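To start, the structure under review is shown below, and the notes come after it.
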Amino acid sequence: MNTKELTRRDILRATAATGAGLFAAGGSVPALGQDKPLPQGAAGKLTVIHRTEYFEQAQTLFRDIVGRFAQANGAQLDISTTNPESFGDFLGKMTAAVTAGNPPDIAYTSNVSIAQMNLLGLLEDVTDVVDEAVKRYGNIMPGINAAPNGRFDGAWKAVPFLASATGYFMRGDKLKEKGIDPAGLKTYEQRRAAALAMSDPGNKFWGWGLTPNQSGDGYGFVISVIQAFGGHYTDETGMIVQFDSPETLAAVEWLAETYDRNGKFAAMLPPGVESWGDISNNEAFLAGNVGYTHNAFSVYAQAKRDNNPVFPNIVLLPAPMANNGDRRDGGSTTGWLTVFKGAPNAALAKKLALELLDPANFGQMSKVAGGLFNPAYENLWTPELLAIDPNFAVIKEQVSVENPFIGPSWPAKPNAAIDAIRAQGVVEQMVANVTSGRMSAADAVKDAHGKIVNIFEEGGIAQP
């Protein structure tokens, strides 16, 4: 059974049974909110949905650019925001809108599974837009894994809009007090030891600012640790589940040891870290209460913007190496422009995509977004942009990596079945089962493996 057959028959049949069902559950797309209706598209009315920006000025600029474009093209405008995280019902709503023939025209989203939307038949082919963008603005940054996530059977189903790199931030002053050279902190094991060494809970300072809870940050951290130990969801084909392995078990045991409130590392754990959400580590790091965290550059950008006393002491580290020494360098595409199947104004929406990428527009947003609005095309990395902040060059280096690490689907290419694992919070629940004492590490891994098998088989991917 090949991927094309799965796309057109098995998976769509399985999702249709529950109204966009299994692969839409939880959604890997920013949600509009459970009680907020999806805006309806109509001819002559450009309907745009966009993510909520961390920096209001960047969001205002985005909306102003779209507003001027609509006016210049004689179109009415309906523009609304989306929740910037997942775990919502976006896919179900969008499936219904496409079926009814009144979807919005275009969306700018993050944490989006283009693979899921493609399998559900929700997206127009935007190859012409991407080809024109490359012609105008240079090649897509090689380190953001754009093609594996946004191009299927040779056709682009989303326009790469933003490039991003995760920031791995540590308090350099605290490391210096303990005589620790940050250059030597290459693995999770080394960073955990440093976090414990710098901890001073009596003075409300804890070294470890990473949560395993269900959230964007929690998922990224947990799967990163699993992969550092050599664990993975599937084989290279992406079709056969291989999660229950000695490597995954070793990673989960390491996580259990890390979050044991009565164990060796208890002193480095801030209160409530096991239940943190995506904003919690930002707040704790910026308040000067934690020494190590992973985040988008929002933490760094806000510290700089607010003249936070933490800012001069931030040390930016590379991605943690795998235990076997393999590098995990690379970035990601954190912003996509998607035109929906049957959009009433599809041609105008494609024109808007190119307008947003125009340097005169994109550059304005990039300059005020503190490292969160980075170019996905080589020629948009101008000297003027790089001169704004010396660490922008670090981001550019990460998104320029040739053959970057593929991310959570490793060693397979991204696909909708693997994306559905995140939507259901499988790995975060696995860790919670262990840290709460509900299951042993071995039982929790077996339980998670079974859930992943169910996800695949209910999606039409039979397991041996």
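Fair warning: this is a prediction, and the values are worked out from it, not measured in the lab. In what follows, every heavy atom counts, from backbone to side chain, and hydrogens, waters and symmetry copies are set aside.
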Exercise for review: Would you please say whether a donor-acceptor pair under 3.5 Å links the side chains of Asn308 and Asp306?
Suggested key: no
Residues at least two apart in sequence or cross-chain that pass ring pair (Phe, Tyr, Trp, His ring centres under 6.0 Å) with Tyr300, listed by chain then number, are Phe297, Phe311
Show your working on ring-ring contact (aromatic ring centres under 6.0 Å, His included) between Phe161 and Phe362 and close with a plain yes or no. CA-CA 9 Å; Phe161 187 41; Phe362 189 91; 5.7 Å; yes
- [ ] Could you verify whether a donor N or O on one side chain and an acceptor N or O on the other, from Thr258 and Arg192, lie under 3.5 Å apart?
- [x] yes
Per side chain to side chain contact (heavy atoms under 4.5 Å, CB included), Arg191 is matched among Leu196, Leu317, Leu210 by Leu317
Under 3.5 Å, side chain of Asn213 to main-chain N/O of Ser275, donor-acceptor pair present?
yes
Donor-acceptor pair, distance only, cut-off 3.5 Å: does the side chain of Asn118 make one with the backbone of Ile114?
no
With side chain to side chain contact (heavy atoms under 4.5 Å, CB included) as the criterion, how do Glu53 and Phe373 come out once you've worked through the C-alpha distance, each side chain's angles and the decisive distance to 0.1 Å?
CA-CA 9 Å; Glu53 294 298 333; Phe373 216 100; 3.7 Å; yes
pair Glu124-Phe340: side-chain heavy atoms closer than 4.5 Å: no
State, yes or no, whether a side-chain contact exists between Val310 and Arg171 at a heavy-atom distance under 4.5 Å. yes
Taking atom NZ of Lys45 as the centre, report whether more than 12 heavy atoms of other residues, nucleotides or ligands fall under 6.0 Å from it. yes
Handout entry: Over-ring placement of Arg51 relative to Tyr108, 6.0 Å and 45° cut-offs
Key = no
Give a yes or no answer on whether the side chain of Thr127 reaches the backbone of Trp156 with a donor-acceptor pair at less than 3.5 Å. yes
For Asp200 and Asn203, which I'm curious about, is there any donor-acceptor pair between the side chains at under 3.5 Å?
yes
- Spell out, as yes or no, whether a donor-acceptor pair under 3.5 Å connects the side chain of Gln71 to the backbone of Gly67. no
